[in-house]
Amino acid sequence: MALKTSEESGSPAAIARKHGSRIVAIWFILSLIIDLVVWFVWGPHMPPGDMTTTAAGQQFDFKVLTVMSVPVLLMVWVYGAYVIINFRDRGDHADGYYVKGNRKSQGLWYAATAVLVLFLAGFGTYELVVPAGAGVGEGPSPIWKPASTAHMLQVQVIAQQWRFTYRWPQFGGMETTSLVLPVNTEIQFNVTSLDVIHDFWAYQLGVKADANPEDNNVAYTKTQQTGRFVVRCDELCGIWHGAMYNYGNVVSQNAFYQWATNMEAQNASLTKLLPKYSTVYVPNDNVAGGQYFNG
Amino acid sequence: MAIDMSQSTGVGQSGGAGGSSAARWFARGNIFTATLFGAGGWFFGHWWGNVIAGHYTSVQNSGTNDVSWLLGAIFAVVAWFIGLGALNHPIAKLWGGEAPMAEKKQKYSIMEYFSYSTDHKVVGIQYLFAMLMYFFVAGLLALGIRTELLSPTYHIWGPDTYIEIVGEHGTMMMMMMTSIIMGPFGNFLVPLMIGSKRMAFPRLEAASFWFTVPAFFFLLSALWQGGFQSGWTGYAPLSIQGGVGQDAYLFSFTLMALSMLAASTNMVATIINYRAPGMRWSRLSVLTWGMITTAFTMILSVPVLIDGLYVMGMDRAVQTSMLYGQHGGSPFLWENLFWFFGHPEVYLLALPGFAITTEILPVFARKPVFALKTSIAGMIGVATLSFFVWQHHLFNSGMNPDMRPLFMLSTELISIPTGFLYLVGMGTVWRGRLRFNVPMLFMLAVFFNFLWGGITGVYNSDVPVDALIHGSFFVMAHFHFTIMGQLMFAVFGAIYYYTPLFFGIKLSEKLGKIHFWTMFVAFNSTFLPLFIVGWLGQPRRVFEYAARLQTLNQWVSISAYVLGLSLAFFVVTFIWQLVVTRPKSEPNPWDSRGLEWQVGIPVPKDNFDRIPVILSSPYEYGNPNAGPMADLSPTVASVGSDA
Ligand SMILES: [Cu+2]
């Protein structure tokens, strides 16, 4: 690839064409190959998988961004390698080619980056709005909701230092320490905190929402496969932040209703002692073990 | 290479100030008198705080008295400045006198570097060592983090110590990065680059440095006061919960903020008012442009940080209830205030890095800066847009979801001016005659490293993808590429490049290349896998993680040790060459056209015998018709000819 550029002759435009066409050719071929591999081979296995619609959406978006990033990375790398090999000092301590700008290449650059950025913003907005907020917490009054909210399962996530508990308003307001969800179901998570800011991150579910004290943060998803998932706290919340995680399962709808009705019956005596279900609570600092009441 | 070295007036000039200086430094104050005074101030403030607040219910319930801690710290810093002699001049002025500025010297006693010096070259060197101290201490803390993460379940540290180390590392690094270019390189080089004998506000400049010293020690002191659990982001109400270590966090960060304000005010005033005749804006060096852009960004964003920290201090000390809910406050207030400063901040870390890269690149490419105006527009564009993106840290917070598309757009728009800097860099090396000296290797690495940071920044700005990677190691890897990979590589390149001017020595190319290659490989080997770690679900700031991520984490930890060794190699070889071997440098070893290289080594005490007249751009490499950049001994006629 190294050229004898020291005796380069011809107009600057001709020299630029000669070098430029080589760089573009190498770049184009490499980009095409790697992008095909990313899309077809790597893409379907990218995290976080497709257990829910929002997880699948995140996987798809990550794949699209990667396919767009590869040519950008390669452009700089191929160009850089070409320049380092061909335009080095050849021991004569000479100066380089005196040029302070080039209207055409600058214009092309501005236009290309502007188009790329506007596409990205448009794509990101579409992918945020259409899948009902993409699994991100939308605050107490969400503006992007699933099309049908008729059979939506309501799950409240209560974070506190340093654990998650879950309340089920459609099952008598019972409280559980584990999270079991039915497959093929729209789910609304209502995330809140009893003390500092936490973050409910159900990794394989593609859901992430900050848990703020005295605030309800709503996020939507729809399960589409059964399996186990992990819930981690994703906002620094004190010394045991690293230990604030647990696991959940997406199970068949029958198994879920069996579990839920069982739990409701089992917990009935305890549920009576709990404060009435509400979107936010006030913690009771004077009682050990994290009690709370209605504000 | 039409560099006229005959103009190097001032080389070898003998020192002007006499021998009486030895007597004067003590009277003027220095680090020892300042420490003594500071300790006295601490005890006074602490005692007073106990008198005032000792009987508060909150103090008696919690057993910690934030009022006495904060008053102790405030009095300590005021007394520290009195001990340094910072108030001698203002007080003399109040009495109607006009104390002359301490005279600059050609050769400094060591004590000068431990005093309240108003000489910009001394301040530059003070800053260099202080900021490197911050960097290496915070780097050691990072190795502490990586040691804990060798195993998913076995613990080296307790969870409390681990969180303290994480917060301490982050805060110390973030404080240092704001000043590691403007402090050493801005202060030392800007007057030389614009053809000035001095800074506009030398006392403000001295103050800016001397804030960073107590800031360092107060921050470090948190470690033996229970630390702070909140990390460098200090989210409330967690930051209201903590003990007095949290006061150390907010107080030292405030001192650093005051330092930034002082430094940037001086920088703006100097660059606007102290340019030599003929130094048009179009001839200003890129580093100077970077400094003025950064300084404006600091002046506009840092006051918000100071306000926020003040609010946090008041909430902690006297329960003003602005940042927590029960009595009408909101944790969202802190999140907004902090990131309204914090996002401009992370760009004002990146800007000086790019400025110095663009400054050094043409010297080793032997070509003019390509599209110079675009590079300046890029910096101004980044600085301006940086005020309109802060909510992208809060995409999951539950705040105003309808604003998300807008913040996604504004964040992605920043890649246009950032892209300009790549256009400029790539255009500058095109058909150059690249010289691969150590500084050049670091500059090329800046482009390589920042590419990872820039591209993954687009992932972070995309709300659906951010839902996956927010708060994970992916984000952490992203900003280590933009800050360490870009800024710190630029800093090390600049150290190799400017040591001849700073210290009169030229660091060994061979040792420098060993340092570069080990650091470059180890850095990428440390942080590239962390993108994957985060993507696979590991949150930041945890000490326990999924067992399946152990191999990746161990790979990262071992790479981090190698990175640490590489940096230790730099420290040893740098100090060895600086103190023991002192390899002498020629006056302009890199054949630079820049004005700063034309004054000779060591830099004369007043920089220029006469104010030079600037004749052309500093980057006219390869132009056969280019004369020297400046006339260093101008006559009346040559001054007239420029006008
Ligand atoms: Cu938490």
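Because the structure is a prediction, the values reported are computed rather than measured. Note on naming: letters A, B, ... go to the chains in the order of the sequence lines (proteins, then strands), and numbering restarts at 1 for each one.
With chain A as the partner, the residue from B/Phe332, B/Phe228, B/Trp535 showing the most heavy-atom pairs under 4.5 Å is B/Trp535. Taking chain A as the reference chain and counting heavy-atom pairs below 4.5 Å, the highest number among B/Asp466, B/Val429, B/Ile469, B/Leu468 is found for B/Leu468. The residue among B/Tyr324, B/Tyr235, B/Tyr619 with the most heavy atom pairs within less than 4.5 Å of chain A is B/Tyr235. Chain A forms more heavy-atom pairs under 4.5 Å with one residue of B/Ser415, B/Gly419, B/Gly227 than with any other, namely B/Gly419. Ranked by heavy-atom pairs under 4.5 Å with chain A, the list B/Asp160, B/Thr456, B/Leu536 is led by B/Leu536. For chain A, the option among B/Phe395, B/Trp430, B/Phe543 with the highest count of heavy-atom pairs below 4.5 Å is B/Trp430.
A distance of 8.0 Å separates CG in B/Leu394 from CG in A/Asp210, rounded to the nearest 0.5 Å. A distance of 8.0 Å separates OG in B/Ser330 from CG in A/Asp215, rounded to the nearest 0.5 Å. Distance check: B/Met440 CE to A/Asp89 CG gives 10.5 Å after rounding to the nearest 0.5 Å. Taken to the nearest 0.5 Å, the CG atom of A/Asp234 stands 9.0 Å off from the CZ atom of B/Arg540.
Residue A/Ile23 touches chain B through its side chain alone, counting heavy-atom pairs closer than 4.5 Å. Of the atoms belonging to A/Glu235, it is side-chain heavy atoms, and not backbone ones, that fall under 4.5 Å from chain B. Only the side chain of A/Tyr245 comes within contact range of chain B, judged by heavy atoms closer than 4.5 Å. Residue contact with chain B, scored on non-hydrogen atoms closer than 4.5 Å, involves the side chain of A/Asn212 exclusively. Only the side chain of B/Met408 has a heavy atom closer than 4.5 Å to any heavy atom of chain A. In this structure, chain A has a heavy atom under 4.5 Å from the side chain of B/Leu444, while its backbone stays farther away. Both the backbone and the side chain of A/Phe62 come within less than 4.5 Å of a heavy atom of chain B.
For the pair A/Leu73 and B/Trp452, the minimum side-chain heavy-atom distance is below 4.5 Å. Proximity of A/Tyr79 to B/Tyr422: side-chain heavy atoms (C-beta onward) are nowhere separated by under 4.5 Å. Between B/Val458 and A/Met68, the closest side-chain pair of non-hydrogen atoms is not below 4.5 Å. A 4.5 Å side-chain heavy-atom check between A/Val136 and B/Val463 finds at least one atom pair inside the cut-off. B/Pro405 is listed as a side-chain neighbour of A/Leu128, based on a closest heavy-atom distance under 4.5 Å. Between A/Val72 and B/Ile455, the closest side-chain pair of non-hydrogen atoms falls below 4.5 Å. The shortest distance between side-chain heavy atoms of A/Val83 and B/Leu434 falls below 4.5 Å. Side-chain contact between B/Tyr162 and A/Ile239 is absent, with no heavy atoms from C-beta onward closer than 4.5 Å.
Contacts from residues 97-109 of chain A to chain B, taken as heavy-atom pairs separated by less than 4.5 Å, involve A/Tyr97, A/Tyr98, A/Val99, A/Lys100, A/Gly101, A/Asn102, A/Ser105, A/Gln106, A/Trp109 in sequence order.
B/Glu544 contributes no side-chain N or O that, together with a main-chain N or O of A/Ala243, makes up a donor-acceptor pair within less than 3.5 Å. Panel note: side chain A/Asn217, backbone B/Asn396; a donor-acceptor pair is recorded below 3.5 Å. With A/Asp95 contributing its side chain and B/Lys367 its backbone, the two residues share no donor-acceptor pair below 3.5 Å.
With salt bridges taken as basic N to acidic carboxylate O contacts below 4.0 Å, one links A/Asp92 and B/Arg433.
Other residues, nucleotides and ligands contribute at most 12 non-hydrogen atoms within 6.0 Å of the CH2 atom of B/Trp157.
Closest non-hydrogen pair, A/Leu236 versus B/Leu238, comes out as O-CD2, 3.5 Å. Contact record, B/Ala467 with A/Ala134: CB-O, 4.2 Å, taken as the closest heavy-atom pair.
Using cut-offs of 30° and 60° on the angle between ring planes, the pair B/Phe448 and A/Trp77 is parallel.
Checked against the 6.0 Å centroid criterion, the rings of B/His470 and A/Trp201 do not qualify as a close aromatic pair.
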